[in-house]
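Sharing a structure, written as structure tokens. Questions coming.
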Amino acid sequence: MSKLAALPSVEKLATALAPQVSLPRPLVNLFVRREIDHYRQLLLADGEHTREEIENATQKGLREFANSRLQSVINATGVLIHTNLGRSPLGPRAASALQEIATGYSNLEFDLPSGARGKRAGYLETALACLLETPAATAVNNCAAALVLTLRTLVAEGKNEVIVSRSELVEIGGGFRIPEILETSGAKLVEVGATNKTHLHDYEKAITPQTALILKVHRSNFYIDGFIGEPEIPEIAKLAHEHGLPLVEDLGSGAMMNTDELAPIEHEPTPQECLKRGIDLVIFSGDKLLGGPQSGIIGGRADLIAEIKKEPFFRAVRCDKLILTTLQESIDQYLETKADPTQADVPVLKFLRTPSDKLRARAEEILANLPSENISITIEDTLARPGGGTMPRSEFPSIALKLVPKNQSISKLAKTLRLGSPAIVGYTTDDALFLDLRTIFPESDRAVQQALKSALS
Ligand SMILES: *Cc1c(COP(=O)(O)O)cnc(C)c1O
């Protein structure tokens, strides 16, 4: 019993800690209560903990919990589409449309001319089809949902086999694996070919009366090289169509323009190209190279899109008005700038095409106003990456501040910047912390400078 006397009172400790974090008080109470319960168990199990130790650990834990609240971050990693940092930022136009729709009523499912119930996303679907130069399109919550929905729609009892090449049975990350996605959808995976080579006759031999479709999955986060080969899309499309089967491609990124014209990177296939080559349905993410909100877009044959929209599961993964607004804005911008998509107001495309000497000038500006006593700071040529499951082979020139602190460790400095306000996330190597300018918004340069100043003082 005497040991338990080390436990502080929940109310008292919460009152002492609450002013240190800007969190709702009930959440502070809950956190502190859980922490003290945890120590009660440890003490009962014969642990040795003093009150001071418990109070300090609770304080540290509470601060870390407060840091886990969704907040904006300065991305100094040089990875353009960083899934852990929220993928693509929206441009100002999409953000202001979001503000307007979010804070008022809208015609989400209301037809203004007739005053009757209207079609959700009717305008967006037409705009998407127009942009993709295809008969029909729709959007759901993300690319994974779009794939599950498409498979669920196209497979049926007794006709549920989906043919996929063994070189495309990929894991996207976060537990998203093609074989498991297929299983979730009620499809039966039929693997063909080998890891490095798949021939047209491999696909042909696998077709049975139970085949529902052929699926292509873009190798978006890895590449294979060496003794490799696969049939061209038009050959697979011809084979599929001769057997009355749809050919579906999970493309992943969905760049709306030739990104290799913006930076020295490899060509990322566009959905338009895929559809022209004979893909019946293409599926891709809205928040990768497209630069829109998290969403999954499906475009292609009108009869298949109509079936997908009738599938009951569609209702479970449909987009809300906030997503529809920002996606509508993103798509309209691409349509308006079709002659020159580089004019679209998409931050990741801007970052991609910023010349390195511009980045260098900004780095010099930041550096000029920093103290130099406790640290060595230099401007380095680095490599940035598209990231987000796009172009795994592509690295392109960038510029970073290279920081080597003298009286603290690299990891300590990196942590101080991560825990600052705003949080700054760079990357470390054995001998330095790097802050890559390519993914930092120019308007954040000042905040970076301030954060460095205070971290070094
Ligand atoms: C990123 C990716 C996905 C998953 O997209 P989400 O929008 O995150 O669901 C699926 N397939 C491929 C090929 C991808 O690159």
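Counting starts at 1 for both ligands and their atoms, following the listed order. For the single chain, residues carry numbers from 1 onward in sequence order.
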Going by the 4.0 angstrom heavy-atom rule, the piece of Arg87 near ligand 1 is side chain
Which one of Gly286, Ser295, Ser285 has a non-hydrogen atom at the shortest distance from atom 6 (P) of ligand 1? Ser285
For ligand 1, which atoms have a heavy atom of His218 less than 4.0 angstrom away? 13 (C)
Decide whether an N or O pair under 3.5 Å exists between Cys143 and ligand 1. yes
Is there a nitrogen or oxygen of Lys288 sitting under 3.5 Å from a nitrogen or oxygen of ligand 1? yes
Ionic contact status for Arg362 with Asp445, cut-off 4.0 Å: yes
Atom NZ of Lys321 and atom CG of Leu324: how far apart are they, to the nearest 0.5 Å? 11.0 Å
Heavy-atom closest pair, residues Asp303 and Arg301: OD2-NH2, 2.9 Å
Side-chain contact test, heavy atoms from C-beta onward, threshold under 4.5 Å: evaluate it for Ile399 versus Ile379 and give yes or no. yes
Is the contact between Ala144 and ligand 1 made by the side chain, the backbone, both, or neither, using heavy atoms and a 4.0 Å cut-off? both
Atom pair OG1/CG of Thr126 and Leu335 - distance to nearest 0.5 Å: 11.0 Å
Within less than 4.0 angstrom of ligand 1, does Arg219 place any heavy atom? no
Which atoms form the tightest heavy-atom contact between Leu124 and Ala139, and what is the distance? CD2-CB, 4.3 Å
With rounding to the nearest 0.5 Å, note down the distance linking CG in Asp332 to SG in Cys130. 9.5 Å
Contact (N/O only, under 3.5 Å) between Asp250 and ligand 1: yes
Can you confirm, on distance only, whether ligand 1 has an N/O atom lying under 3.5 Å from any N/O atom belonging to Leu251? no
